[in-house]
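Order of the sequence lines fixes the chain letters, A, B, ..., with proteins taken first and strands second; residue numbering starts at 1 for each chain. Bear in mind the structure is a predicted one, so any value in this text is a computation, not a measurement.
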Amino acid sequence: MPELPEVEVLRRQLRRALGDARLADMRIYERRLRFPLSEGFADTALTRDRRGTPRLEDIRRRGKYLLFHLSGGRVLLCHLGMSGQLLLEDSSQLEPRRHCHEHLAFLFRRRDRRGGSRTRTVRLGFRDTRRFGFWDIARADELSEHPRLRGLGMEPFDAGFGGSFLVGAFAGRRVSVKSALLDQRIVAGVGNIYASEALFRARISPMVCAGDLTARRCGRLAAGIVSVLEDAIAAGGSTRRDYVHSDGGGGYFQHRWSVYGREGEPCPGCRCRLAETGGIQKSLQSGRSTFYCPARQRR
DNA sequence: AATTAAACCTGGCGGC
DNA sequence: TGCCGCCAGGTTTAAT
């Protein structure tokens with residue numbers, strides 16, 4: 001799925017394209033997502049305020065969630081799951097796109113860039129082959145208490161995130177550090193790809209117990225998380241199979257993965273030592289694959 | 001309480 | 001070629 005960098009790239013694209021558009025209309029083609037779409041989703045989303053249809057005030061991100069803030073204090077929450085996509089088109093057609101697992105479509109109207117009173121209609125389609133993604137609607141003033149957001153941990157780009165935060169968060173934890181990184185209640189937004197990549201950058205074995213990490217290693221890990229997420233955002237995210245940008249294009253960071261998906265390849269940090277190190281290894285940790293270099297990433 | 005496994009879905013790939 | 005099992009960027013729920 002899209003992890004933090006992919007969601008962030010999408011957020012920036014959508015905000016640029018939609019600006020302060022108004023949500024003019026929407027359709028639901030499939031309610032059975034990872035969690036069934038709530039009864040009043042469309043009606044609540046489309047409720048007009050004094051000036052007309054709801055205005056898009058901002059698009060924010062929390063962990064892997066996209067948050068569409070609408071006027072009138074409503075927020076649309078979107079999680080892309082494993083295969084969710086949000087695609088923009090210049091179109092005013094709400095008919096579903098066939099044979100592409102489109103489940104929702106929104107029409108936004110915004111002022112034409114050339115100014116004047118002309119408006120432009122933009123269609124935003126939500127596609128999700130596996131239907132692990134989901135949407136919900138919440139009141140803005142209750143957003144932090146929403147069941148799906150309430151338990152989320154620290155944002156990696158928050159000022160408070162760093163080695164000492166990880167020391168505290170990992171204290172007493174007997175799970176592996178790799179599993180701890182996937183726990184959204186600790187750090188929000190890191191998924192299976194960037195967990196492996198961050199551990200590689202920090203030169204830490206994914207099998208180490210989170211609670212056993214020294215402060216020094218927690219500092220390296222925090223730096224590795226931030227740097228890999230920043231680099232991935234700058235490269236437009238990673239496109240492996242399902243993730244695409246809002247224009248259908250893809251990111252480039254998959255070409256810069258050091259370990260993920262590179263089983264048997266030479267470690268980029270131990271060049272020319274393939275025979276000694278055995279190259280990148282793959283293992284399973286609580287059902288998810290982990291990639292690492294056993295020579296460079298010590299216990 | 002803490003960890004792990006199963007469940008939710010569809011599609012693509014390698015092996016036979 | 002066709003069928004089958006396995007795997008895939010996630011989260012929640014049930015079971016150990």
Given pairs defined as Watson-Crick or G-U wobble with both distances under 3.5 Å, what dot-bracket annotation applies to DNA chain C, with ( ) intrastrand, [ ] crossing, | other strand and . unpaired? .|||||||.|||||||
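Within the structure, every side-chain polar atom (N or O) of A:Ser83 is placed at least 4.0 Å from both OP1 and OP2 of C:dA8. In terms of phosphate contacts, A:His79 brings a side-chain nitrogen or oxygen within less than 4.0 Å of OP1 or OP2 of C:dT11. At C:dA8, none of the side-chain N or O atoms of A:Arg288 fall inside 4.0 Å of OP1 or OP2 (strictly under the cut-off).
Remark: A:Asp20 engages A:Arg111 in a salt bridge, criterion side-chain N to carboxylate O under 4.0 Å. Here A:Asp90 pairs with A:Arg120 in a salt bridge; the nearest charged N to carboxylate O distance falls below 4.0 Å. Look at A:Glu8 and A:Arg60 and you find no salt bridge, because none of the NZ, NE, NH1 or NH2 atoms lies under 4.0 Å from a carboxylate O. Comment: A:Asp242 does not engage A:Arg130 in a salt bridge, judged by the lack of any side-chain N to carboxylate O separation of less than 4.0 angstrom.
In this structure, A:Leu182 atom CG and B:dT3 atom P are separated by 14 Å, rounded to whole Å. The distance from atom NZ of A:Lys178 to atom C1' of C:dG10 is 12 Å, rounded to the nearest whole Å. Atom pair A:Arg148:CZ and C:dG10:P shows a separation of 16 Å (rounding to whole Å applied). A:Tyr65 places its OH atom 7 Å from the C1' atom of C:dT11, with the value rounded to the nearest Å. As a whole-Å value, the separation of A:His146 NE2 from C:dT11 C1' is 14 Å. If you measure from atom CG of A:Leu284 to atom P of B:dT4, you get 13 Å, rounded to the nearest angstrom. A straight line from CZ of A:Phe170 to P of B:dT3 spans 12 Å, rounded to a whole angstrom. In this structure, A:Glu30 places its CD atom 9 Å from P of B:dT10, rounding to the nearest Å.
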Would A:Phe106 and A:Trp135 count as a ring pair (Phe, Tyr, Trp, His ring centres under 6.0 Å) if you check the C-alpha gap in whole Å, the side-chain angles of each, and the deciding distance to 0.1 Å? CA-CA 13 Å; A:Phe106 302 86; A:Trp135 291 71; 5.1 Å; yes
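The same atom, P, is picked in C:dC6 and in B:dA6; the two are 13 Å apart, to the nearest Å. The gap from the C1' atom of B:dG12 to that of C:dT11 amounts to 23 Å, rounded to the nearest Å. C:dC3 sits 24 Å from B:dC9 when the P atoms are compared, rounded to a whole Å.
Looking at which nucleotide of DNA chain B each of A:Ser179 and A:Arg241 is closest to, the 5′-most match is held by A:Ser179.
We find the CG-CG distance between A:Leu149 and A:Leu67 to be 6.0 Å, quoted to the nearest 0.5 Å.
Within 4.0 Å of A:Asp242, counting heavy atoms only, lies at least one base atom of the nucleic acid.
Listed nucleotides: B:dT3, C:dT11, C:dT12. Nearest to the side chain of A:Phe35: C:dT12. If you check C:dA8, B:dG11, C:dT11 against the side chain of A:Met82, the one that comes closest is C:dA8. Of the candidate nucleotides C:dG10, C:dT12, C:dA8, C:dA8 has the atom lying nearest to any side-chain atom of A:Lys282.
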Using nucleotides 6-9 of chain B, report all nitrogen or oxygen pairs with the protein that are shorter than 3.5 Å.
{"unit_1": "B:dC8", "atom_1": "O2", "unit_2": "A:Arg34", "atom_2": "NE", "d": "2.9"}
{"unit_1": "B:dC8", "atom_1": "O2", "unit_2": "A:Arg34", "atom_2": "NH2", "d": "3.4"}
{"unit_1": "B:dC9", "atom_1": "O3'", "unit_2": "A:Arg131", "atom_2": "NH2", "d": "3.3"}
{"unit_1": "B:dC9", "atom_1": "O2", "unit_2": "A:Arg130", "atom_2": "NE", "d": "2.9"}
{"unit_1": "B:dC9", "atom_1": "N3", "unit_2": "A:Arg130", "atom_2": "NH2", "d": "3.4"}

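Figure legend: cation-pi geometry between A:Arg61 and A:Phe157 absent, as NZ or CZ is not positioned both under 6.0 Å from the six-membered ring centre and within 45° of its axis.
Residue A:Leu107 comes nearest to A:Gln93 through the heavy atom pair CD2-O, 4.3 Å, listed as atom of the first residue, atom of the second, then distance.
No side-chain donor-acceptor contact under 3.5 Å links A:Arg48 and A:Thr53.
Scanning for side chain to side chain contact (heavy atoms under 4.5 Å, CB included) contacts around A:Arg220 gives A:Ala202, A:Arg203, A:Ile204, A:Arg216, A:Arg217, with sequence neighbours left out.
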